[in-house]
Number of protein chains: 2
Amino acid sequence: MTAPDILNVGHDCGACPIRHRAVCARCEADELQTLEQIKYYRSYQAGQTVIWSGDRMDFVASVVTGIATLTQTMEDGRRQMVGLLLPSDFVGRPGRQTAAYDVTATTDLVMCCFRKKPFEEMMSKTPHVAQRLLEMTLDELDAAREWMLLLGRKTAREKIASLLAIIARRDAHLKLKNAKGSTVFDLPLTREEMADYLGLTLETVSRQVSALKRDGVIVLEGKRHIVVPNFDRLMEETGDDSDGGMLV
Amino acid sequence: MTAPDILNVGHDCGACPIRHRAVCARCEADELQTLEQIKYYRSYQAGQTVIWSGDRMDFVASVVTGIATLTQTMEDGRRQMVGLLLPSDFVGRPGRQTAAYDVTATTDLVMCCFRKKPFEEMMSKTPHVAQRLLEMTLDELDAAREWMLLLGRKTAREKIASLLAIIARRDAHLKLKNAKGSTVFDLPLTREEMADYLGLTLETVSRQVSALKRDGVIVLEGKRHIVVPNFDRLMEETGDDSDGGMLV
DNA sequence: TCGGCGCTTTGACCTAAATCAAACTGAAAG
DNA sequence: CTTTCAGTTTGATTTAGGTCAAAGCGCCGA
């Protein structure tokens with residue numbers, strides 16, 4: 001029904017192209033106008049909390065630039081990241097009153113927000129918007145289930161390799177092929193954030209990153225800049241099926 | 001927009017009340033008729049595979065009776081359950097060609113299926129169906145993220161307690177309060193299935209169930225019948241916030 | 001130029017859960 | 001009534017990853 005590349009076929013119309021591409025690739029002019037009317041931007045500094053779990057959340061939004069995380073925290077402080085939001089990702093729960101997770105800006109962040117009430121009204125009048133949102137939510141559910149396999153069954157080394165592969169693949173903006181065909185990118189997360197993503201401690205993350213470096217799977221330039229000389233080699237370390245990670 | 005108890009306000013109309021309640025609480029007569037026309041039932045025996053990951057899946061369905069699981073398997077056999085389907089749960093991916101996970105009947109299973117093509121057509125004509133499905137998918141996403149916290153950060157004992165609490169709460173059909181206020185239910189999973197749910201080995205599951213029994217948190221009658229004398233006591237063992245598990 | 005302070009690395013040690021192995025239980029089949 | 005066998009329990013041992021502790025490394029601001 002909806003082409004998988006719909007994210008990339010959007011018309012740029014106004015100040016928030018990503019947003020429109022993300023949700024409204026098939027919007028007609030009047031719907032785009034509605035969106036224009038109810039949208040606004042918010043900026044956050046690195047480290048700032050966007051919203052706390054349980055707080056009233058009267059908007060939905062998409063990330064324009066920067067990175068945000070969704071995390072859950074237990075009473076004694078154990079933390080688990082449950083979502084990683086890169087540019088063009090959607091956040092918000094149409095039909096829900098409150099936030100279910102802490103949302104935090106891990107880098108400087110700009111979000112394009114839409115007041116929830118009018119957004120929901122538009123949704124109920126425009127079937128393909130609800131369908132598009134369903135589509136995106138199913139994608140997130142797939143990602144969450146892939147993540148569950150990682151958390152439940154992968155070794156620390158496999159977890160690290162998987163995370164590097166995910167970031168390298170998903171964050172197309174940062175991903176580059178240099179002359180020799182290496183994949184190059186900057187880690188947008190601290191060791192602690194990686195640990196919260198992977199269900200590890202930051203020490204274990206550090207050790208396994210060092211091990212991958214020692215074994216030549218990655219080259220570290222500084223603490224954050226990663227060079228992957230051979231992406232297939234990295235993929236072998238993830239423990240995933242070798243069919244290129246195609247979600248079948 | 002949608003009342004949270006919508007699952008319980010449905011009209012019983014014909015042979016598949018659960019199905020209609022799950023997706024069509026607000027359907028008008030002609031939509032129900034459409035559903036009646038495209039629905040059919042399938043039965044599976046305990047242990048049978050409903051569909052393999054990667055197979056073409058040309059239906060969506062809801063569980064009528066019995067229990068099904070979604071699992072992912074790594075090349076070397078490590079398995080992680082990523083979904084547990086109880087009666088009234090929905091399975092299927094509108095807009096997707098193929099199954100993303102193995103779906104297996106863990107007990108005898110009856111599903112009410114709808115051919116995907118006409119179902120999708122109805123969806124695009126009937127905004128509230130797409131919205132309802134979005135609603136349900138968001139619920140699943142919440143459950144998946146709760147599950148991620150469990151997999152990433154909980155101890156074996158907390159995992160077991162959490163699973164028992166989830167089953168006791170979620171499977172309202174099996175849940176009973178007896179004279180003394182105990183919660184009583186039958187475990188619908190083997191130790192191995194519990195292990196695949198929790199990211200543990202079956203031996204660890206067995207040991208921790210024994211430990212909870214030794215400590216009086218649960219009483220075991222046979223291998224499968226569980227009595228929880230004090231549900232709050234069980235909840236304390238889960239590591240979850242004490243506010244009754246309300247998803248805020 | 002120098003502290004100071006996040007962030008990271010590395011080392012020594014410990015422990016929760018995995019692994020390996022054996023025995024037990026109970027229901028179904030003969 | 002016995003056998004069988006899937007599912008389960010329990011014990012002994014190992015190990016991956018956690019915990020605690022101490023440096024190391026930039027980078028920013030004074």
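Quick note: numbers below take in every heavy atom, side chains included, and nothing from hydrogens, waters or symmetry partners.
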Whole angstroms only, please: what is the [atom1]-[atom2] distance between [X] and [N]?
| X | N | atom1 | atom2 | value |
| --- | --- | --- | --- | --- |
| A:E158 | D:dG17 | CD | P | 9 Å |
| A:L187 | C:dT8 | CG | C1' | 13 Å |
| A:R224 | D:dC25 | CZ | P | 18 Å |
| A:K154 | D:dA16 | NZ | P | 18 Å |
| B:I226 | D:dT8 | CD1 | P | 11 Å |
| B:L189 | D:dG7 | CG | P | 13 Å |
| A:L220 | D:dG24 | CG | C1' | 16 Å |
| B:R191 | C:dC24 | CZ | P | 19 Å |

Next item on the list: For B:M111 and B:V91, work out which heavy atoms get closest and say how close.
Entry: SD-CG1, 4.2 Å
Margin query: What verdict does the side chain to side chain donor-acceptor pair (under 3.5 Å) test give for A:Q72 and B:R145, after you've listed the backbone C-alpha separation in whole Å, the side-chain angles of each residue and the deciding distance to 0.1 Å?
Written below: CA-CA 9 Å; A:Q72 277 189 303; B:R145 285 171 164 167; over 6 Å; no
Using a heavy-atom cut-off of under 4.0 Å over every strand shown, decide if [X] touches base, sugar-phosphate, or nothing.
| X | result |
| --- | --- |
| B:G47 | nothing |
| A:S206 | base |
| A:L200 | sugar-phosphate |

Notebook entry, point to check: Per the atom types in the model, does the base of C:dC7 pair as donor or acceptor with the side chain of A:E192 at under 3.5 Å?
Noted result: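 Result: no qualifying N/O pair found.
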Measure from the side chain of [X], starting at C-beta and using heavy atoms only, and say which of [options] lies closest.
| X | options | answer |
| --- | --- | --- |
| B:Q208 | D:dT10, C:dA17, C:dT8 | C:dA17 |
| A:E203 | C:dT10, D:dG17, C:dT19 | C:dT10 |
| B:L202 | D:dT8, C:dC20, C:dA17 | D:dT8 |

Phosphate-side-chain proximity, [X] and [N], N/O vs OP1/OP2 below 4.0 Å:
| X | N | result |
| --- | --- | --- |
| A:S210 | C:dT10 | yes |
| B:T204 | C:dA18 | yes |
| B:T201 | C:dA18 | yes |
| B:R157 | C:dA16 | no |
| A:R207 | C:dT10 | no |

Checklist line | Test log, rule side chain to side chain contact (heavy atoms under 4.5 Å, CB included), inputs A:L164 and A:F185 | finding: CA-CA 9 Å; A:L164 295 179; A:F185 61 97; 4.2 Å; yes
Notebook entry, point to check: Quick check: are there more than 12 heavy atoms from other residues, nucleotides or ligands sitting under 6.0 Å from CZ of B:R78?
Noted result: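 Count over threshold, so yes.
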Next item on the list: Return yes when atom CZ of A:R42 has more than 12 non-hydrogen atoms of other residues, nucleotides or ligands closer than 6.0 Å, and no otherwise.
Entry: no
